[in-house]
Amino acid sequence: MTEDYKAEEKKSLNFLEEIVEADLAAGKYKTIMTRFPPEPNGYLHIGHASSICLNFGLSLKYGGGTNLRFDDTNPVTEDTEYVEGIKKDIQWLGFEWANELYASDYFEQLYTYAVTLIEKGLAYVDDSTSEEIAEQKGTPTQPGRRNIYADRTVAENLQLFEAMRNGQYQDGEKVLRARIDMSSPNMIMRDPILYRIKHAHHHRTGDQWSIYPMYDFAHGQSDSIEHITHSICTMEFVPHREVYNWLIEKLEIYPSRQYEFARRNLSHTLTSKRKLLQLVTEKYVSGWDDPRMPTIAGLRRRGYTPESIRDYCERIGVGKRDNLIDAGVLEFCAREHLNKIALRRMVVFDPLKVVITNYEGAGEWLASENNPEDPDGGTRNISFSKELFIEREDFMEDAPKKYFRLAPGKQVRLKSAYIIQCDEVIKDADGQITQLNCSYFPNSKSGEDTSGIHVKGTLHWVNARDCFPVQVREYDRLFTVEDPGNAEGNFTDYINEHSLKVVENALAEAALKEAGVNERFQFLRKGYFTLDPDSTPEQLIFNRTVTLKDSWAKAK
RNA sequence: UGAUCCAUGGUGUAACGGUAGCACUACUGAUUUUGGUUCAGUCAGUUAAGGUUCGAAUCCUUAUGGAUCAACCA
């Protein structure tokens, strides 16, 4: 893991690495400290993965550490359940945090900071309603104005703030505000709210507090307490940087610095928590870990490997402009890794019976490589006999000349077995093809072929005698448009109705009976698959991670 | 239309005043017992107009386009 990040020296740096290297070169720091600060109110998704790779990647590359800090300052939306999910996802991605921390651990310290601000005359208790505050805030083109509460004395503010803490007021009755600049062109600087009253049960501090700090008064201070050197966040926090720095300066605390990057968007999906939640609650998907979801849990169930996700994050880089990364990049990363590690197996999705009319004897065992990309992958035994199944789409009665598969009178190789020739097509009363009678060439056996026959096509197949039915779930992109979140109308209008196709009785080769939960397979000529946790010993279920590239499908 | 941020092939990202490169995609061709993989190649880009300079994607100005900001969310 560490090697991954240190090995690549020649590569050009992204702008964050440049900042870090400049700081290191200037002797500003010996090592760096970053943090990943999720709010425990939802599941992590592919966008978070970028942030995780960025933060952990930086400290791995330059030395130092990355804290996992839960930004749990809003008790009404947060829950311990999410904490566990988030931890699992980060670990699964392959990262280790230096410390597991919570903004709520700092509530007492934060309170003290607030008192300091009040004492300095830089914060005051405001009794206005939120509507009044919004109204007094002005507009981007017009400055805001202070109200009478801003004139309260330090002593009064101190007493009132303490009373707020003691629960003497109702929710919304009062807030603590920073006294900065009501005419700043930056709306965030117009006396931002630091604390609000919420008589709510917190997942960690229980009912201990009735006031909770706002993001602006928790995040930067938490960074500072942890001596975070580089606090990396997304572009929407750019205007908050001014407050971030103002508070550090006034409080005279450790000067963490904030840097912003553009959130990375993936095409054909969404990363809005609200919309993701809607997909779940309105049953467009089966849950947060539905294999079509862009959540880490969904990607994991879909069969993506941590390596492929890290590779994706590395490849797409990081910048400051808006972007929409083609889903094909993520798919490429999956194929790239899976090709190297997936065990090759044969599964026939839509079976067509083949009888080898000139095959005598009970059958035989043939060896087939587990992975041609892995010299140490070994082989497995597959059984061959007179009756087999091939894919229905691998036969055509009237085949175009570019069709390399089976057709009347044509020859193909059965993978790891023999070359066969189609002699006779058998149909039922409706004209449906029910069986192919073929002959095989005994001297064309895989690995010892002396037949001299050259075929263009090789087919996957299973032995009728020991194959067994499995369910296959063929997943595709969840949305039909590149950017459903910004498309006209409702994003649910663009859900891909064919994003899941269930194949009930695909026939799998016997070796697949031993499939394990964390194993990845390539079903020959079909794609990459992994076992779904819904599987039972009686009914194995395989999820399609991604198809193989298919240049024939395009040519058609 | 106040402020802030951003602008390089279809997509993402480099080039740090000196040959516009890499990856994905697409397309050719070769190899192949997976129409997979691998290999070789092709197409394709500096938003515009001025300015500074021997030289500008890079610095300056203006324009244009996009994004963000007025939650007791983060």
Side-chain angles (χ1 to χ4, degrees), chain A residues 11-14 18 37-39 41 71-74 76-78 103 126 128-130 133-135 137-144 171-177 184-188 190 193-198 211-212 214-216 218-219 233-242 260 262 264 267 273 315-333 335-336 339-340 344 346 368-369 372-373 402-405 412-417 419 444 446-447 449 455-460 482 522-527 547-556:
Chain A
K11 271 188 67 182
S12 59
L13 305 174
N14 66 46
E18 281 181 2
E39 185 187 9
N41 70 346
D71 228 335
D72 55 350
T73 57
N74 186 5
V76 298
T77 59
E78 296 154 5
D126 192 331
S128 308
T129 64
S130 71
I133 288 177
E135 193 273 321
K137 203 146 201 173
T139 68
T141 51
Q142 279 178 305
D171 286 11
E173 212 176 319
K174 287 179 164 51
V175 290
L176 182 74
R177 289 229 256 169
S184 169
N186 180 356
M187 300 287 293
I188 310 289
R190 323 248 261 225
I193 294 170
L194 268 21
Y195 269 93
R196 77 283 216 189
I197 298 169
K198 266 184 203 285
I211 55 171
Y212 291 93
M214 297 284 289
Y215 168 86
D216 281 314
H219 202 103
C233 61
T234 48
M235 296 289 283
E236 61 263 35
F237 292 98
V238 169
H240 292 262
R241 189 176 62 227
E242 209 176 343
E260 310 87 9
R264 280 156 305 167
S267 79
K273 269 182 194 172
R315 273 170 194 275
I316 62 178
V318 60
K320 293 179 91 117
R321 53 184 136 144
D322 295 334
N323 57 74
L324 184 60
I325 295 145
D326 196 291
V329 180
L330 217 207
E331 293 170 355
F332 170 84
C333 293
R335 291 189 186 105
E336 175 101 324
N339 178 47
K340 292 193 182 77
R344 310 297 137 118
M346 294 196 284
S368 189
E369 66 273 16
E373 304 297 316
K402 295 285 277 182
Y403 188 80
F404 301 156
R405 282 110 102 141
V412 293
R413 173 171 291 283
L414 296 178
K415 175 66 182 176
S416 298
I419 292 173
S444 68
S446 189
D449 183 358
V455 295
K456 292 284 276 185
T458 298
L459 309 184
H460 63 282
E482 277 198 324
Q522 184 198 103
F523 292 172
L524 245 59
R525 307 205 300 137
K526 284 295 187 182
T547 60
L548 255 27
K549 269 174 65 178
D550 189 351
S551 52
W552 166 241
K554 269 185 280 192
K556 279 192 289 190

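For the numbers below, each heavy atom of this structure counts, side chains included, while hydrogens, waters and symmetry mates do not. Proteins get letters first, then strands, A, B, ... in listed order; numbering begins at 1 in each.
Residue contacts for A:Thr73: at a heavy-atom cut-off of 4.0 Å it reaches the sugar-phosphate backbone alone, with no base atom in range. Within the 4.0 angstrom heavy-atom criterion, no nucleotide atom of any strand lies near A:Thr234. Residue-level contact check: A:Val238 touches the backbone only, with heavy atoms under 4.0 Å from sugar-phosphate atoms and none from bases. Contacts of A:Thr129 with the nucleic acid, taken as non-hydrogen atoms under 4.0 Å apart, include base atoms. The residue A:Leu524 sits close to a base: some heavy atom pair falls under 4.0 Å. As judged by a 4.0 angstrom heavy-atom cut-off over every strand, A:Arg335 is placed among residues making no nucleic acid contact. Note on A:Phe404: a base of the nucleic acid sits closer than 4.0 angstrom, heavy atoms only. A:Lys526 comes within 4.0 angstrom of no nucleic acid atom, judged by non-hydrogen atoms across all strands. Residue A:Glu260 is out of contact with every strand shown, counting any heavy-atom pair closer than 4.0 Å. Residue contacts shown for A:Ile419 are absent, as no nucleic acid heavy atom lies under 4.0 Å away. The residue A:Phe237 sits close to a base: some heavy atom pair falls under 4.0 Å. Nucleic acid contact class of A:Pro372 (heavy atoms, under 4.0 Å, all strands): base. Heavy atoms of A:Asn186 sit nowhere under 4.0 angstrom from any nucleic acid atom. As judged by a 4.0 angstrom heavy-atom cut-off over every strand, A:His460 is placed among residues making no nucleic acid contact.
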Can you list the steps and then say if A:Glu369 with A:Lys415 is a salt bridge (charged side-chain N to carboxylate O under 4.0 Å, His left out)? CA-CA 10 Å; A:Glu369 66 273 16; A:Lys415 175 66 182 176; 3.0 Å; yes
Using the side-chain contact (heavy atoms from CB on, under 4.5 Å) rule, take A:Asp71 and A:Glu78 through it: C-alpha gap first, then chi angles, then the decisive distance, then the call. CA-CA 9 Å; A:Asp71 228 335; A:Glu78 296 154 5; over 6 Å; no
Verify side-chain contact (heavy atoms from CB on, under 4.5 Å) between A:Arg525 and A:Thr458, making sure each step is shown before the conclusion. CA-CA 10 Å; A:Arg525 307 205 300 137; A:Thr458 298; 6.0 Å; no
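Comparing B:rU34, B:rG2, B:rC5 against the side chain of A:Met235 picks out B:rC5 as the nearest. Checked against B:rG36, B:rC69, B:rG66, the side chain of A:Asp322 finds its nearest nucleotide in B:rG66. Comparing B:rC24, B:rC69, B:rA74 against the side chain of A:Met187 picks out B:rC69 as the nearest. Among the nucleotides B:rG12, B:rA74, B:rA70, the one closest to the side chain of A:Met214 is B:rA74. The side chain of A:Thr458 lies closest to B:rU33, out of B:rA74, B:rU33, B:rA3. Distances from the side chain of A:Tyr403 to the nucleotides B:rC24, B:rU34, B:rG35 place B:rG35 closest. The listed nucleotides are B:rG35, B:rU1, B:rA23; the one nearest the side chain of A:Thr141 is B:rU1. Ranking B:rA14, B:rA70, B:rC24 by closeness to the A:Ser12 side chain, first place goes to B:rA14. For A:Asn74, the listed nucleotide lying nearest its side chain is B:rA74; candidates were B:rA74, B:rC69, B:rU33. If you check B:rG12, B:rC72, B:rU34 against the side chain of A:Ile325, the one that comes closest is B:rG12.
For the pair A:Arg196 and A:Thr73, the tightest heavy-atom approach, listed with the atom from each and the gap, is NH1-O, 3.5 Å. Here the shortest heavy-atom pairing between A:Ala553 and A:Asp550 reads N-OD1, 3.0 Å. Nearest heavy atoms, A:Asn323 versus A:Arg321: ND2-O, 3.1 Å. The nearest pair of heavy atoms linking A:Trp552 to A:Lys402 is CZ3-O, 3.6 Å. Of all non-hydrogen atoms in A:Gln522 and A:Asn339, the two that sit nearest each other are NE2-OD1, 4.4 Å. Contact record, A:Ile193 with A:Met214: O-CG, 3.3 Å, taken as the closest heavy-atom pair.
Nucleotides B:rC69 and B:rA63 have their P atoms positioned 24 Å apart, rounded to a whole Å. B:rG17 sits 9 Å from B:rC59 when the P atoms are compared, rounded to a whole Å. The gap from the P atom of B:rG9 to that of B:rG21 amounts to 14 Å, rounded to the nearest Å. Taking atom P in both B:rC22 and B:rG45, one finds a spacing of 15 Å when rounded to whole Å. For the P atom pair drawn from B:rG55 and B:rU38, the interatomic distance equals 46 Å after rounding to whole Å. The same atom, C1', is picked in B:rU13 and in B:rC72; the two are 41 Å apart, to the nearest Å. To the nearest whole angstrom, the two C1' atoms, one in B:rA26 and one in B:rU62, are 38 Å apart. Comparing B:rU46 with B:rA56, their P atoms are spaced 16 Å from each other, to the whole Å.
One cannot find a donor-acceptor pair under 3.5 Å joining the base of B:rG10 and the side-chain atoms of A:Glu482. Not a single donor-acceptor contact under 3.5 angstrom links the side-chain atoms of A:Arg321 to the base of B:rU13. Checked by distance alone, A:Gln522 brings a side-chain donor or acceptor within 3.5 Å of a matching partner on the base of B:rU34. Remark: the A:Arg525 side chain and the B:rU34 base include no donor-acceptor N/O pair separated by less than 3.5 Å. The base of B:rG12 lies outside donor-acceptor range of the side chain of A:Arg315, with no N or O pair under 3.5 Å.
Comparing A:Phe523 and A:Lys320 along RNA chain B, the residue whose closest nucleotide (by nearest heavy atom) sits nearer the 5' end is A:Lys320. Each of A:Ser446 and A:Ile197 was assigned the nucleotide of RNA chain B with the nearest heavy atom; the assignment lying further toward the 5' end belongs to A:Ser446.
Taking side-chain N and O atoms only, A:Lys554 has a distance below 4.0 Å to OP1 or OP2 of B:rA26. Here A:Arg196 reaches the OP1 or OP2 of B:rC73: one of its side-chain N or O atoms lies under 4.0 Å away. Contact between the side-chain N/O atoms of A:Ser130 and the OP1/OP2 oxygens of B:rA71 is not found at any separation under 4.0 Å.
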Pairs under 3.5 Å (Watson-Crick or G-U), crossing ones as [ ], inter-strand ones as |: RNA chain B comes out as .((((((..((((....[..)))).(((((.......)))))....(((((..]....))))))))))).....
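Atom-to-atom, CG of A:Asp550 to P of B:rU37 comes out at 10 Å; the value is rounded to the nearest Å. Atom pair A:Asp216:CG and B:rA70:P shows a separation of 11 Å (rounding to whole Å applied). Going from atom CZ of A:Arg177 over to atom P of B:rA70 covers 14 Å, rounded to whole Å.
A donor-acceptor pair shorter than 3.5 Å cannot be found between the side chains of A:Ser184 and A:Asn186.
The distance from atom CZ of A:Arg413 to atom OG of A:Ser444, rounded to the nearest 0.5 Å, is 5.5 Å.
In this structure a side-chain-to-backbone donor-acceptor pair under 3.5 Å is present from A:Arg190 to A:Thr139.
B:rG35 has its base stacked against the ring of A:Trp552, the centroids being under 5.5 angstrom apart at an interplanar angle below 30°.
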